[in-house]
**Student:** 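Please see the structure below; I have some questions.
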Amino acid sequence: MTEAVTIEARNAVKAFGQGDHVVRALDDVSIQIRKGEFFTLLGPSGCGKTTLLRLIAGFEMPTSGSILLDGADITELPPNKRPVNTVFQSYALFPHLTVAENVGFGLTMLGRPKAEVQKRVAEMLALVKLEQMAGRKTSQLSGGQQQRVALARALAPQPKVLLLDEPLSALDLKLRKEMQVELKRLQTETGITFIFVTHDQEEALTMSDRIGVMSAGKLQQVGSPKDIYTRPVNRFVASFIGETNFLPATVVPGGVKLATGDVIEVATTRPGAVTLTVRPEQVRLVPAGEPGAIAATVKFLVYFGTDTHCHLELADETEVVARLQSPANGDAGIEPGQAVGLRLAPGAAQVLED
Amino acid sequence: MSAAEERLIQQSTRNAWLLSLPALIVLVVAASGPLLIVLIYSFLSPGQHGNVIWEFSTDGWVGILWSKDIFSEEWMLADAHLAIFWRSLWLSLLTTAFTFIVGFPTAWFIATRPPKERALWLFLITIPFWTNLLIRTYAINEVLRKEGLMNTVLMGMGITDMPIEVLYTQTAIFIGMTYVYLPLMVLPLFAAIDRFDMKLLEAGYDLYASRMQVLRRVILPIVKPGIIAGSILVFVPSLGAYVTPRVLGGGKQMMIGNFIELQFLQGKNWPLGAALSMLLLVIVMVALLVYVRYANKGSSSHG
């Protein structure tokens, strides 16, 4: 079954500058975002994720390529003609209007009757739990409350797609966690397609139905959080999302051979030299000399509370990090300089494309 | 608190008073003092050769709207005076409106330049201030007069056959005042637009507002303090303008400023001149109060 596509970008290119100084902020990006999903564009700053969002909002025109909404080409439509609303990073609330007037702005501009606007504003304020603040000026609100007003304002006209441009980056950690839950709740309750831009991989993993990882203006991988985390397609995706180990290896029948000579069983279709990646939590420590284990030396330990990171060195001087759950007394029971064995959890190792 | 600390506080209070003394002296001697003299003079009788006679009279104030018939000595409503007041008010309002219409896009243009370029544009705006007002006004005179630059160009291009006679009309005064007071409108507008968060344009545009609606519903209400400041800075000196109507109106198109001068020099009616000066002050203050009141009301109706 194919799900309905709400937003689609076809070969979208956005170039800035002229002559020799052309920068391709967006380099031939094609993507399909399904109706009602929570889609996250994830990548470091300058990767083109915000540019893609601005193309969808209509603030920028693509240099080439097109943007489609429900199958109709909206590339040329100005922002005020698109049923798409944005939550800005800086919130961009109107300082001269009250909270209620801010929330009702979109509907008023659409020419809806006053009674309908008032009713909808009350509903939206209830949804974001700000009924008490309706008459306040936005400058009298805290950061988290302003964030909620920005959300209510963008949701009030019932857009087909809600765009969120790093909306949580200005909040402190505790508030950010609360808003993550809140956003997810709002998305479920309204059923509106959310396109969320962030550089925070943890945020992306916890909130999204699907994630699009971007780098250098290109879409690197699209998939569910589990897909992206457990089966990254390339070195960039593997290292940007979570922590990981990279091991140089060569393909041999039945798996890959590490530089140390150990053979790891893993499925791959590529020949020759490859990179093997394995997450630190999938690396297990066993006593030195155990059959089938990779020999390693403990270099140092870093204590993180719930777990302890054990930095190890293989015989060929490749560094590997193992994440061990901290025991009750916090003492991992190993010392720097100690010889140990390594095992990779079955199916945990991945061969990267590049 | 120890005695020493108390003495220190007393001393610093005394010092504060001493330090503000120059400002107080300037305020009393330079501002309130002369005003008080003008107020007193407006209730005295005119002397034969100017000056005043110390004899109480309300003729100065009555003379604002009425004049004595030379023969019958009866008070008659002075149409000429009313025409002058009306012209002053109308030209000042027109100048304020027009400097806003021209000044707003100018200020917007400057505020949206890259920071490096901005300083240069602001510098260009302030260049006219380097030249004396009288000289600048005569320059406008030179442009507008019958054989002046404007007519030479218009006729040279074949747009008109006959020179347009603008000089010594109200239009000339209006053009001159707009030119002279434009920077006073641009600078406060620039300051307000400079503080304006350009993201709000996108927010408005995103929320289904057309370009005109963004201007009317978002930009103008937010930069309103700048609009008010600019309007006051233009309206107040326009109302009391003296040099511009004198040079470009040629004495035929008098404004309040010229009318006051007339009473003190040729007219030798100092009480009337003093009363007119006080009236101008009152009109300006009332205008300011109304404007500020309206401005506050406008913003409070939003919240």
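What you see is a predicted model; the values in this text were computed from it and never measured. Any value given below was found using the heavy atoms of this structure, including those in side chains, with hydrogens, waters and symmetry copies removed.
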**Student:** A:Pro95 versus B:Leu200: any side-chain heavy-atom pair under 4.5 Å?
**Tutor:** yes

**Student:** For A:Lys160, does the NZ atom have more than 12 heavy-atom neighbours from other residues, nucleotides or ligands under 6.0 Å away?
**Tutor:** no

**Student:** Decide if atom CZ of B:Phe98 counts as having more than 12 heavy atoms of other residues, nucleotides or ligands within a radius under 6.0 Å.
**Tutor:**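 No, CZ of B:Phe98 has 12 or fewer neighbouring heavy atoms, counting only those of other groups under 6.0 Å.
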
**Student:** Please report the shortest heavy-atom distance between A:Val84 and B:Tyr208, naming the atom on each side.
**Tutor:**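 That would be N-OH, 3.9 Å.
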
**Student:** Answer yes or no: does atom CZ of B:Arg211 have more than 12 heavy-atom neighbours from other residues, nucleotides or ligands under 6.0 Å?
**Tutor:**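 No - once you tally the heavy atoms of other residues, nucleotides and ligands closer than 6.0 Å, there are 12 at most.
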
**Student:** Counting heavy atoms not belonging to B:Met285, are there more than 12 under 6.0 Å from its CE?
**Tutor:** no

**Student:** Work out which heavy atom in B:Leu207 is nearest to a heavy atom in A:Asn85; give both atom names and the distance.
**Tutor:** CD2-ND2, 3.9 Å

**Student:** Surrounding CH2 of B:Trp121 (heavy atoms of other residues, nucleotides or ligands, distance under 6.0 Å), is the total greater than 12?
**Tutor:**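 No, the 6.0 Å shell around CH2 holds no more than 12 heavy atoms from other groups.
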
**Student:** Going from CE on A:Met109 to OH on B:Tyr205, what distance comes out if it is rounded to the nearest 0.5 angstrom?
**Tutor:**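 A:Met109 CE to B:Tyr205 OH: 14.0 Å, rounded to 0.5 Å.
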
**Student:** Could you tell me which portion of A:Thr86 (side chain, backbone, both or neither) has an atom closer than 4.5 angstrom to a non-hydrogen atom of chain B?
**Tutor:** both

**Student:** On a heavy-atom basis, which atom in B:Ala203 and which in A:Ala92 lie closest, and how many Å separate them?
**Tutor:**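 That would be CB-O, 3.7 Å.
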
**Student:** Within the supplied structure, the quantity of interest is the number of heavy atoms (other residues, nucleotides, ligands) at a distance under 6.0 Å from A:Lys81 NZ; does it exceed 12?
**Tutor:** no

**Student:** Would a distance-only check, ignoring hydrogens and angles, find a side-chain to backbone donor-acceptor pair under 3.5 Å from A:His96 to B:Arg217?
**Tutor:**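 Checked: pair present.
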
**Student:** Are more than 12 heavy atoms, taken from residues, nucleotides or ligands other than A:Glu189, located less than 6.0 Å from that residue's CD atom?
**Tutor:**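 Counting neighbours around CD of A:Glu189, more than 12 heavy atoms of other residues, nucleotides or ligands fall under 6.0 Å, so yes.
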
**Student:** Side chain, backbone, both or neither: which part of A:Arg82 has a heavy atom under 4.5 Å from chain B?
**Tutor:**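 For A:Arg82, the backbone is the part near chain B, not the side chain.
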
**Student:** Below 4.5 Å from any heavy atom of chain A, which atoms of B:Glu202 appear? Answer side chain, backbone, both or neither.
**Tutor:** both

**Student:** Please find the pair of heavy atoms, one from A:Phe88 and one from B:Asp206, that lie closest to each other, and give the distance.
**Tutor:** CZ-CB, 4.5 Å

**Student:** So what's closer than 4.5 Å to chain B heavy atoms on A:Leu163: side chain, backbone, both or neither?
**Tutor:**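 Neither part; nothing is under 4.5 Å.
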
